[in-house]
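Notes follow once the structure below has been shown.
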Amino acid sequence: MEKHFKRTTITSALPYANGPVHIGHLAGVYVPADIYARYLRLKGRECIFIGGSDEHGVPVTIRARKEGITVQEVVDRYHNLIKDSFERFGISFDVYSRTTSPTHHKLASDFFRKLYDEGKFIEQVSEQFYDEQTGHFLTDRNIRGECPRCHAPEAYGDQCEVCGATLSPEELINPYNAETGNPLVKKPTKHWYLPLDKDQQWLEKWILEDHKEWRSNVYGQCKSWLDGGLHPRAVTRDLDWGIPVPIEGAEGKVLYVWFDAPIGYISNTKELCDANPEKFGPWEKWWKDPETRLVHFIGKDNIVFHCIVFPAMLKAHGDYILPDNVPSNEFLNLEGNKISTSKNYAVWLNEYLDELPGRQDELRYVLTANAPETKDNDFTWDDFQARCNNELVAVYGNFVNRALQLTQKYYEGQVPACGELNAYDKETLAEFCDVKARLEQLLEGFKFREAQKEAMNLARIGNKYIADCEPWKVVKTDPERVKTIIYLSLQITANLAIAFEPFLPFSSKRLREMIALDTFSWEDLGRTDILPAGKQLPKPELLFTKIEDDVVAAQKKKLEDTLKANAEAAYKAAPVKPTVSFEDFEKLDIRVGLVKSCEKVKKSKKLLKFILDDGSGKDRTILSGIAQWYEPERLVGKRVLFIANFAPRQMMGEESQGMILSAVNFNGDLSVTTTIDDVRGGSQVG
RNA sequence: CGCGGGGUAGAGCAGUUGGUAGCUCGUCAGGCUCAUAACCUGGAGGUCGCCCGUUCGAGUCGGGCUCCCGCAACCA
C-alpha cells in the first residue's frame with residue numbers, strides 16, 4: 001500500500017521522569033527515531049521530531065515520598081537531566097517538552113472533555129481498596145496480603161511470588177498498603193472507561209488488513225489483543241498527581257497516565273508550532289491533515305497503547321490522523337542481564353557522556369549495529385570496544401585517513417584532477433552508485449541496522465579500491481594514473497560523510513570539515529564529483545581513535561560494583577511482627593526432616609518435590625518453590641526444617657504435606673534452613 | 001495448555017514467493033606497506049533448538065515438544 005505523504009510527524013516514546021535515560025531507551029527508541037528524523041531532513045522532506053518527558057503517574061510520587069522531596073522536584077530533576085543528556089548525545093528533537101506543561105494540561109483536559117461531552121465514555125462505579133489513613137485508593141501492585149493459596153504473608157494484589165499464583169486483590173487475606181502497612185477497606189469510586197470493544201471492527205480492518213507491513217512483533221501483538229476481544233479500559237484514576245478530570249464531581253481524580261501521555265505528543269507539537277509559527281506552521285497540520293504521515297517510535301512494552309488504545313482515542317475524537325507505522329524494537333540486555341532502572345543496573349546516558357567524552361558516535365554506532373530490531377539483543381563492553389576498534393577505526397576511520405594522507409603526500413592537500421577511468425574504476429563506481437537507493441529502501445523500511453551496514457560498506461569498497469590500485473607503487477611508474485585513484489578515493493570519502501550523517505552526526509561533521517565540504521545534501525550521494533579538482537583540503541586528523549582496554553575494564557567493573565552496592569543498599573531487615581504468645585507459637589509444629597529424595601516437579605518452574613523422613617516411619621511429601629535456587633541432588637541427605645502440622649494442599653497435581661522453611665536473602669535468593677548437628681528426622685524444633 | 005516475539009558457524013545477526021545456507025567480528029594462512037600493527041585475498045568452522053508430516057526437494061509450509069525474552073502487572 002504505497003501512499004504519498006507531504007510531511008512526517010515522528011514521535012518517540014516519552015521517557016518517564018523517575019530516572020535518567022539508559023542505553024536500552026536509546027537503542028529501542030531514540031537512536032532509530034533520530035536516524036529517521038535526520039534522514040528525512042537531509043532529504044529535504046518536511047518533518048518534525050517530537051520528544052518530551054512523561055511526568056505523571058504513580059512511580060514519581062513514590063520516589064518523591066522516599067526521597068522526602070516534592071513530586072515537582074523529582075520531575076524537574078529528571079526532566080532536566082534527560083533533556084540535557086539527549087541534547088549532548090545529538091538526539092535532534094525539534095521540541096522536548098513535558099506533560100506537566102500548561103499547554104499539555106489544557107490540551108489533554110480538552111481532549112477528555114470533548115470525548116466526555118460526546119458520550120464516548122462509559123461511567124462505572126466499582127469497589128476499590130482504600131487506605132483510610134492516607135486517603136488513597138491503591139493499585140493492585142501496591143496492595144499486599146496473605147496469599148489465599150500458599151499463605152505466604154506478602155503476596156501482591158496481582159500475584160503471589162512465592163507460589164506463582166495469579167491473584168486479584170479481592171482474594172488476599174487481610175490486605176494492606178504495601179508502602180505504609182495500613183489495613184485497607186473497600187470503598188466505591190466512579191471512573192470513566194473507553195469502550196474499546198466498540199472499536200474492535202475498524203481496528204481489525206485497519207491493522208490486520210491495511211497494515212500488514214508492520215513489524216512482525218507489532219503485528220503479532222496487535223493480532224493477539226484483537227483475537228482476544230477488546231474490553232473497556234479505565235481512563236481515570238484516584239490520585240492527586242496528574243491532570244484533574246475536568247468534570248464536576250470528579251475531585252481527587254486524574255487522567256490515567258496512558259491516556260494523558262500520548263496526548264503529550266500533540267501538546268508538544270503545539271508548543272513547538274506556537275513558538276515558531278513561521279517555520280512549522282499551525283500545529284494542526286501535523287496531526288489532522290491526512291497528507292501527514294504519523295510514525296511512533298516505541299519499545300515493545302508500549303505496542304498495545306500506541307497501536308490500539310491511542311488510535312481508538314484519536315478516532316473517538318474524530319479530527320485526528322492515525323499512525324501509519326509504529327516501529328517498535330525489542331529489548332537490549334546488558335552483559336547478559338536485564339537492564340533495570342529500579343535495580344540501578346544500566347549504562348546511564350548522562351554518565352556515559354561524562355566518562356567517555358566525545359564518544360557519542362561510538363555509542364550510536366554500536367547501538368544501531370546491534371539494535372534489537374527483531375529480538376532481544378545483548379550489549380557488552382567487549383563488543384562495544386571490538387566494534388569501535390575493528391569497524392569504526394579500522395574500516396571507516398582508516399579509509400578516510402588513507403585517502404587524506406595520500407592527498408597530502410602527493411598533492412599537498414589539493415584534490416587532484418580526474419583522468420580517464422579504466423575498467424576497474426568503473427566497476428568500483430558501479431558498486432557504490434546504488435548505495436543511495438539501497439540506503440533509502442532500508443531507511444524507509446525502518447531497517448536501521450542493515451542501513452548502517454550499507455553505509456559502512458562504502459568504506460569497505462574504498463579500502464578495497466585503494467588496496468587493489470596500489471597507488472604507492474603506481475606513483476613510481478604512472479603518476480597521472482594516481483591522480484584518478486586519489487580523486488575517486490576522495491569522492492568516496494565525501495560520500496561517506498553524507499551517508500553516515502543520519503547515523504553518526506558528530507563524526508560526519510568533523511569529516512566534512514576535513515574535506516572542506518560546506519554544503520551537501522542527500523541527493524549528492526552516489527555522485528563522483530562532490531569535491532572539485534584543485535580544492536585545498538586542511539591537514540587531516542584522525543576521525544576515530546581506539547577504545548583502550550582500561551576504559552572498558554573500568555566500565556565493566558563499575559557495572560559489577562553498582563550491582564553489588566545497590567543490592568546491599570536495598571537490604572533492610574523487615575520490621576519485627578507483632579508479639580505472639582507462647583501458646584500461639586506452640587500451635588506450630590516445626591520439625592527436622594531428613595531429605596530422602598528430591599526432584600523437580602514436571603512442568604513447574606519453581607517447585608521441588610521432597611520426600612522426607614520425619615521419624616514417623618512413613619514418607620512425607622512436601623512441595624517447595626525453591627527450584628530456582630537449588631539443584632535437587634544437592635539437598636538429598638540434608639536435614640531441613642519444616643512445619644509438620646501445616647494444612648496439606650494440592651500443587652501441580654500433588655499433595656504437599658507441610659512447608660519447608662527457608663531464609664530470604666536481601667537479593668531475594670532463598671536459603672533452606674538446616675541444622676548444624678546430626679539430629680534425627682522428626683525431632684521437634686522449639 | 002493465557003497471549004506475542006525469538007532459538008541459524010566461537011560471538012552478534014541476515015535469509016525476500018520452499019531450489020547449492022550468507023554477512024560483520026573473531027580465528028588460521030598468505031599478500032601488501034599509503035594508513036590508527038591498520039588494509040586486501042583465501043581457508044577452516046553449521047545434522048538452521050528437538051521430533052513428526054507435506055513435497056522430487058524444507059532454515060523457509062503444517063503439527064507436536066523444548067528453552068529464552070516480553071505483555072497482562074506504568075522500567076524501551
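Here is the naming used below: chain letters follow the sequence lines, and residue numbers restart at 1 for every chain. All heavy atoms count here, side chains included; hydrogens, waters and symmetry mates do not.
- For the residue pair A:Thr545 / A:Arg359, a side-chain donor-acceptor distance below 3.5 Å is found, with atom types taken as modelled.
- Within a 6.0 Å radius of NZ in A:Lys483, no more than 12 heavy atoms belonging to other residues, nucleotides or ligands are found.
- Atom P of B:rC23 sits at a distance of 16 Å from the matching atom of B:rA14, rounded to the whole Å.
- Taking the six-membered ring where the residue is Trp, A:Phe384 and A:Tyr352 present perpendicular rings, their angle passing 60° and hence far from 30°.
- The aromatic rings of A:His306 and A:Tyr265 lie tilted to each other, with the angle between the two planes from 30° to 60°.
- In this structure, A:Cys388 SG and A:Glu548 CD are separated by 11.5 Å, a value rounded to the nearest 0.5 Å.
- In terms of position along RNA chain B, the nucleotide closest to A:Gln221 lies nearer the 5' end than the nucleotide closest to the other residue of the pair A:Gln221 and A:Asp383.
- Residue A:Asn390 is classed as a sugar-phosphate contact, given heavy-atom separations below 4.0 Å to backbone atoms only.
- With C1' as the reference atom, B:rC25 and B:rG70 are 28 Å apart, rounded to whole Å.
- Counting non-hydrogen atoms under 4.0 angstrom, A:Asn302 reaches the backbone sugars and phosphates but no base.
- Applying the Watson-Crick and G-U wobble criteria (two distances, each under 3.5 Å), B:rA37 pairs with nothing in any strand.
- Using a 30° and 60° split on the angle between ring planes, A:His56 and A:Trp241 fall in the perpendicular class, above 60°.
- Among the atoms of the strands shown, none is found under 4.0 Å from any heavy atom of A:Ala13.
- Within the nucleic acid shown, A:Phe544 comes within 4.0 Å of at least one base atom, counting heavy atoms only.
- Across the protein-nucleic acid pair, A:Asp382 atom CG and B:rG10 atom C1' stand 14 Å apart, rounded to whole Å.
- Protein atom CD of A:Gln408 is 12 Å distant from nucleotide atom P of B:rA35, rounded to whole Å.
- For A:Asn401, counting side-chain heavy atoms from C-beta on, the closest listed nucleotide (B:rC75, B:rA35, B:rC40) is B:rA35.
- Nucleic acid contact for A:Lys409: sugar-phosphate only, since backbone atoms but no base atoms lie under 4.0 Å from a heavy atom of the residue.
- Residue-level contact check: A:Glu391 touches the backbone only, with heavy atoms under 4.0 Å from sugar-phosphate atoms and none from bases.
- Side-chain nitrogen and oxygen atoms of A:Arg460 include at least one within less than 4.0 Å of the OP1 or OP2 phosphate oxygen of B:rC25.
- Taking atom CD on A:Glu373 and atom P on B:rC23, their separation rounds to 20 Å, with Å as the unit.
- With distances taken from any side-chain atom of A:Ser216 to the nucleotides B:rC75, B:rC34, B:rG6, the minimum falls on B:rG6.
- Of the nucleotides present, B:rG70 is the one that pairs with B:rC3 by Watson-Crick or G-U wobble criteria, both distances under 3.5 Å.
- In this structure, B:rU60 makes no Watson-Crick or G-U wobble pair, since no nucleotide meets both defining distances under 3.5 angstrom.
- Dashed line: the shortest gap from a side-chain N or O of A:Lys546 to OP1 or OP2 of B:rA38 is under 4.0 Å.
- Within the 4.0 angstrom heavy-atom criterion, base atoms lie near A:Leu332.
- Projected onto RNA chain B by closest heavy-atom contact, A:Ala371 and A:Gly57 fall at different nucleotides, the more 5' of which corresponds to A:Ala371.
- Rounded to whole angstrom, the span from the CD atom of A:Glu330 across to the P atom of B:rG6 amounts to 8 Å.
- Atom P of B:rG7 sits at a distance of 12 Å from the matching atom of B:rG12, rounded to the whole Å.
- Counting any heavy atom pair closer than 4.0 Å across all strands shown, A:Tyr256 reaches a base atom.
- Only the C1' atoms considered, B:rC32 is 15 Å distant from B:rG42, to the nearest whole Å.
- Within 4.0 Å (heavy atoms only), A:Leu542 reaches at least one base atom of the nucleic acid.
- B:rG63 sits 15 Å from B:rC1 when the C1' atoms are compared, rounded to a whole Å.
- Between A:Arg449 and the phosphate of B:rA14, there is a side-chain N or O to OP1/OP2 separation shorter than 4.0 Å.
- Taking atom P in both B:rC71 and B:rC52, one finds a spacing of 36 Å when rounded to whole Å.
- The stretch residues 464-472 of chain A comes close to RNA chain B through A:Lys464, A:Ala467, A:Asp468, A:Trp472, each having a heavy atom under 4.0 Å from the strand.
- A straight line from CZ of A:Phe448 to C1' of B:rA14 spans 17 Å, rounded to a whole angstrom.
- Separation of the A:His296 and A:Phe310 ring centroids falls under the 6.0 Å cut-off.
- As rounded to the nearest Å, B:rC50 and B:rA72 have C1' atoms that lie 30 Å from one another.
- In this structure, B:rG10 forms a base pair with B:rC25, meeting either the Watson-Crick or the G-U wobble geometry with both donor-acceptor distances under 3.5 Å.
- Contacts of A:Gly24 with the nucleic acid, taken as non-hydrogen atoms under 4.0 Å apart, include base atoms.
- The distance between atom OH of A:Tyr219 and atom P of B:rG4, rounded to the nearest whole Å, is 13 Å.
- For A:Glu480, the CD atom is loosely surrounded, since the number of other residues' heavy atoms within 6.0 Å does not exceed 12.
- Residue A:Trp225 contributes atom CH2, which lies 12 Å from atom C1' of B:rG2 at whole-angstrom precision.
- Residue-environment remark: CD (A:Gln441) stays at or below the threshold of 12 foreign heavy atoms within 6.0 Å.
- With rounding to whole Å, A:Asn370 atom CG is found 14 Å from B:rA14 atom C1'.
- If you check every strand for non-hydrogen atoms under 4.0 Å, A:His56 touches nothing.
- Among the protein residues, A:Ile339 comes within range of the nucleic acid bases, having at least one heavy atom under 4.0 Å from a base atom.
- For the C1' atoms, the distance from B:rA58 to B:rU8 is 14 Å, rounded to whole Å.
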inquiry  = One pair to check against ring-ring contact (aromatic ring centres under 6.0 Å, His included): A:Tyr96 and A:His79. What are the steps and the verdict?
reply    = CA-CA 9 Å; A:Tyr96 190 85; A:His79 170 76; 5.6 Å; yes
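- In the set B:rG70, B:rA14, B:rA35, the nucleotide with an atom closest to the side chain of A:Gln405 is B:rA35.
- Ring pair A:Phe446/A:Tyr36 is tilted by interplanar angle, where 30° to 60° counts as tilted.
- Counting any heavy atom pair closer than 4.0 Å across all strands shown, A:Leu543 reaches a base atom.
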